[in-house]
Asker: 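I'd like to ask some things about the structure below.
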Amino acid sequence: MKKSYWLLKSEPDVWSIDQQKKAGVKGAEWDGVRNYQAAKNLKAMKKGDQCFFYHSNIGKEIVGVVEIIKEAYLDKSDKTGRFVSVKVRFLKKLKKPIKLEDIKKNKELSHLSLIKQSRLSVMPIDSKSWKILNNTSKI
DNA sequence: GCCAACGTTGGC
DNA sequence: GCCAACGTTGGC
């Protein structure tokens, strides 16, 4: 079973990496997604997949990594029953957050949806880009 | 705080 | 099923 990689966006005002950290090993629900493309991505996630945690608006940077601990299930907060949630748990905070600005500068990362589709809140990250980003955070 | 981009809704 | 109007997101 091959792992997939993703990126999850959150406004730190609403849900931040520190709150995620406090939720600990039990994890927290990732709900409230009301966009079909994002929902499609949520449904494709498998237990054990890893996701970058991105702070939008304030910070505009990748700040940490979380892991999927529960695959897509109906989002209880959605009355229409069309959208799903997943459950994620905190893995780590990056030593050095990766600024959107720096991702934009990197030619190898210019294909990422993060840059092309600024409004998408759940998106796949190919394994090559995942590696590049991980290496960047260690500098 | 503004505005561009884009997704969704509803009237026809 | 089209498309205008509207709402939301997120970068600047």
Asker: Which pairs with one or both residues in residues 2-13 of chain A pass salt bridge (charged side-chain N to carboxylate O under 4.0 Å, His left out), sequence neighbours excluded?
Answerer: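 Qualifying pairs: none.
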Asker: Could you check whether any side-chain heavy atom of A/Ile68 comes within less than 4.5 Å of a side-chain heavy atom of A/Cys51, counting everything from C-beta outward?
Answerer: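 Heavy-atom side-chain distance check passes, below 4.5 Å.
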Asker: Send over the distance from A/Gln37 CD to C/dT9 P, rounded to a whole Å.
Answerer: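 Interatomic distance, CD of A/Gln37 to P of C/dT9: 16 Å.
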Asker: Which residues, if any, of residues 55-64 of chain A bring a heavy atom under 4.0 Å of DNA chain B?
Answerer: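 Correct list: empty, so none.
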Asker: A/Asp18 and A/Lys21: salt bridge (Lys or Arg N to Asp or Glu O under 4.0 Å), yes or no, with the steps?
Answerer: CA-CA 5 Å; A/Asp18 290 323; A/Lys21 191 178 179 183; 5.9 Å; no
Asker: What is the distance, rounded to the nearest whole Å, between atom CD of A/Gln117 and atom C1' of C/dT8?
Answerer: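 Interatomic distance, CD of A/Gln117 to C1' of C/dT8: 15 Å.
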Asker: Once side chain to side chain donor-acceptor pair (under 3.5 Å) is applied, what residue pairs with a partner in residues 38-48 of chain A remain, sequence neighbours excluded?
Answerer: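 For residues 38-48 of chain A, and leaving out neighbouring residues, there are no side chain to side chain donor-acceptor pair (under 3.5 Å) pairs at all.
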Asker: Rounded to the nearest angstrom, tell me the gap between atom CG in A/Asn35 and atom C1' in B/dT9.
Answerer: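 Between C1' of B/dT9 and CG of A/Asn35: 15 Å.
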Asker: Closest-nucleotide mapping onto DNA chain B: is A/Arg82 or A/Lys116 further toward the 5' terminus? I mean the 5' end.
Answerer: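 On the 5' side of the pair lies A/Lys116.
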Asker: Listed in order of residue number, which residues of residues 97-107 of chain A have a non-hydrogen atom at under 4.0 Å from DNA chain B?
Answerer: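 Listed by number, there are none.
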Asker: Side-chain contact, heavy-atom cut-off 4.5 Å: A/Trp30 with A/Ser10?
Answerer: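 Sidechains of A/Ser10 and A/Trp30: in contact.
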Asker: Evaluate the ring planes of A/Tyr5 and A/Trp130, with Trp represented by its six-membered ring, and classify them as parallel (under 30°), tilted (30 to 60°) or perpendicular (over 60°).
Answerer: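 If you compare the ring of A/Tyr5 with that of A/Trp130, the planes turn out parallel.
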Asker: Using a distance-only test with no angle check, is there a side-chain donor-acceptor pair under 3.5 angstrom linking A/Asp75 and A/Ser77?
Answerer: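 Their side chains do contain a donor-acceptor pair, which is all the 3.5 Å distance test asks for.
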Asker: Salt bridge (Lys or Arg N to Asp or Glu O under 4.0 Å) with A/Glu61: which of A/Lys99, A/Lys104, A/Lys96?
Answerer: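 When salt bridge (Lys or Arg N to Asp or Glu O under 4.0 Å) is applied between A/Glu61 and each of A/Lys99, A/Lys104, A/Lys96, only A/Lys99 qualifies.
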Asker: Salt bridge check, A/Glu67 against A/Arg89: does any charged N sit closer than 4.0 Å to a carboxylate O?
Answerer: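 Yes, charged N to carboxylate O under 4.0 Å.
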Asker: Roughly, in whole Å, what's the span from CG in A/Leu120 to P in C/dT8?
Answerer: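 Computing the A/Leu120:CG to C/dT8:P distance gives 18 Å.
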Asker: If you assign each of A/Phe83 and A/Ser118 to its closest nucleotide in DNA chain B, which residue comes earlier from the 5' end?
Answerer: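 First, find each residue's nearest nucleotide; the 5'-ward one identifies A/Ser118.
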Asker: If the condition is salt bridge (charged side-chain N to carboxylate O under 4.0 Å, His left out), which residues does A/Glu71 pass it with, not counting sequence neighbours?
Answerer: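 Applying salt bridge (charged side-chain N to carboxylate O under 4.0 Å, His left out) to A/Glu71 gives none.
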Asker: Distances under 3.5 Å between protein N/O atoms and the N/O atoms of nucleotides 2-7 of chain C, please, pair by pair.
Answerer:
none

Asker: Rounded to whole Å, how long is the line connecting atom OH of A/Tyr54 with atom P of C/dT9?
Answerer: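 About 15 Å, once rounded to whole Å.
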Asker: Is any side-chain heavy atom of A/Leu91 closer than 4.5 Å to one of A/Gln50?
Answerer: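 SC-SC contact between A/Gln50 and A/Leu91 confirmed.
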